[in-house]
Amino acid sequence: MLAGLPGLEVVKIRQLLLLWYKEKGRDLPWRHQKDPYCIWVSEIMLQQTQVKTVIPFYQRWLQRFPTIKDLALADLQEVLKAWEGLGYYARARNLHKAAQYLIQNYNGIFPDRLEEVLSLPGIGRTTAGGILSAAFNQPISILDGNVKRVLSRFIALSVPPSKALPQLWELSDSLIDLENPRDFNQGLMDLGATVCTRKNPKCDQCPWQGDCQAYNKGIQSQLPMSEKSTPIPHKKIGVAVIYNDQGQILIDRRPTDKMLGGLWEFPGGKLEPDETVEECIKREILEELGIIIEVNEHIITVDHAYTHFRVSLIVHACRYLGGEPKPIGCEEIRWVNLDQLEEFPFPKANIKIIEALKLIKDC
DNA sequence: AATACGTGGTC
DNA sequence: TGACCAAGTAT
């Protein structure tokens with residue numbers, strides 16, 4: 001007995017989902033084999049990221065880093081370059097760090113014990129369950145966005161999922177099919193992704209329609225309850241594309257453990273109140289790099305939305321005048337040609353700047 | 001417990 | 001354009 005359901009009902013519910021999955025489950029690249037490394041890579045990439053976005057990254061990644069050893073031996077810069085555009089770059093840094101740890105301590109073998117998997121950086125409860133069930137068919141439950149939505153509707157949860165995590169985990173634990181946990185977990189996620197969608201759920205195609213409390217109450221489109229959101233600030237950033245007399249451009253590498261850590265960027269900083277963009281850029285470059293520049297024409301303004309704030313990058317062409325550049329507020333600095341920029345990993349907002357520079361050069 | 005952490009898609 | 005969300009984890 002669980003969640004008010006008799007044991008016989010639970011057996012039926014499991015079978016309904018497994019049957020549905022067999023007929024309607026998605027064919028995804030990482031389901032073709034059971035190498036825990038490949039499953040691991042897919043699970044990390046899929047954190048907060050849609051399947052459609054992940055697939056090309058996943059295939060390129062395994063081509064470049066086919067094994068844990070290949071990943072461990074690679075340079076972090078190359079790892080980040082392979083991750084460029086996927087976002088949440090700590091995932092790539094953690095994947096790299098964990099691969100090196102596995103080479104050092106596990107002879108490069110991915111562990112099959114929950115406690116050990118959970119101890120790896122970047123792997124939490126859901127990712128651990130996803131890996132252990134998919135790679136080893138272990139009955140470890142999951143609670144990702146899809147499962148939260150499916151289960152919230154299934155029990156007509158009257159609060160946002162984040163307010164009922166223990167209850168939802170308990171339900172996911174109780175439902176999982178002990179004979180076929182791999183297909184059960186994958187089926188649960190597929191159900192959320194293709195049938196029990198956030199908007200316009202296709203309840204007429206759902207194997208759990210008869211047992212879904214939200215459906216039976218006619219409130220499925222109102223669930224799950226939305227999380228409360230806080231307003232996000234909007235920052236204006238002055239950005240410098242600094243040229244020297246050889247026509248090279250100055251770029252810097254961001255501190256490894258901060259936002260966009262390890263990625264390269266065009267230097268700059270936040271506009272202070274009552275400061276012009278020109279003043280801001282000149283001040284920031286002196287503070288961060290210790291050099292004097294002349295701020296020239298406006299190149300482009302890039303608007304970009306992150307999760308918890310938005311920015312307008314106001315980019316100006318600048319000329320290097322004097323002083324020895326020093327990495328004061330960053331890890332490293334380099335003078336590079338326009339053509340060399342693509343060798344470095346850049347965040348998306350900076351890639352828009354590079355595109356603009358290429359257009360200017362072509363004129 | 002609340003916040004930091006990217007990007008692409010939708011309406 | 002702005003708000004919201006998608007295979008979450010770390011602190």
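Being a predicted model, the structure only gives us computed values, none of them experimental. Throughout, a chain's letter reflects where its sequence line sits, starting with A, and its residues are numbered from 1. When reading the values below, keep in mind they use all heavy atoms of this one structure, side chains included, and skip hydrogens, waters and symmetry mates.
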Participant: Of all residues at least two apart in sequence or in a different chain, which pass the salt bridge (Lys or Arg N to Asp or Glu O under 4.0 Å) check with A/E284?
Facilitator: none
Participant: Between B/dG8 and C/dA10, how many Å separate the two P atoms, rounded to a whole number?
Facilitator: 24 Å
Participant: Holding to salt bridge (Lys or Arg N to Asp or Glu O under 4.0 Å), I want the full list of residues that pass it with A/E355, two or more places apart in sequence or in another chain.
Facilitator: none
Participant: Side chain to side chain donor-acceptor pair (under 3.5 Å) with A/H234: which residues, sequence neighbours excluded?
Facilitator: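 A/H234 satisfies side chain to side chain donor-acceptor pair (under 3.5 Å) with A/S312 once adjacent residues are dropped.
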Participant: One character per nucleotide, please: for nucleotides 6-11 of chain C, 5' to 3', B when the base has a protein heavy atom closer than 4.0 Å, S when only the sugar-phosphate does, - otherwise.
Facilitator: BBBSS-
Participant: Considering residues at least two apart in sequence or located in another chain, which fulfil the side chain to side chain donor-acceptor pair (under 3.5 Å) criterion with A/N105?
Facilitator: none
Participant: Go through the structure and list residues passing salt bridge (Lys or Arg N to Asp or Glu O under 4.0 Å) with A/K69, not counting sequence neighbours.
Facilitator: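 Checked A/K69 against salt bridge (Lys or Arg N to Asp or Glu O under 4.0 Å); zero matches.
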Participant: Can you list the residues that meet the side chain to side chain donor-acceptor pair (under 3.5 Å) rule with A/S141, with sequence neighbours excluded?
Facilitator: A/D173
Participant: In whole angstrom, give me the gap between the C1' atoms of C/dT11 and B/dA1.
Facilitator: 11 Å
Participant: Using the salt bridge (Lys or Arg N to Asp or Glu O under 4.0 Å) criterion, which residues pair with A/E116? Sequence neighbours excluded.
Facilitator: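 Testing A/E116 for salt bridge (Lys or Arg N to Asp or Glu O under 4.0 Å), a comparison that skips the adjacent residues, returns A/R113.
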Participant: Return each pair, listed once, that meets ring pair (Phe, Tyr, Trp, His ring centres under 6.0 Å) where at least one residue sits in residues 313-337 of chain A; pairs must be two or more places apart or across chains.
Facilitator: A/H298-A/H316, A/Y320-A/W335
Participant: Scan residues 249-267 of chain A against DNA chain C and write down, sorted by residue number, each residue with any heavy atom closer than 4.0 Å; if none is found, say none.
Facilitator: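 Nothing qualifies; none.
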Participant: Under 4.0 Å from a heavy atom of chain A: give me the 5'-most and 3'-most nucleotides of DNA chain B that qualify.
Facilitator: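 The protein-touched segment is B/dA2 to B/dC11.
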Participant: Test of understanding: with side chain to side chain donor-acceptor pair (under 3.5 Å), list the residues that count as partners of A/R310, not counting sequence neighbours.
Facilitator: none
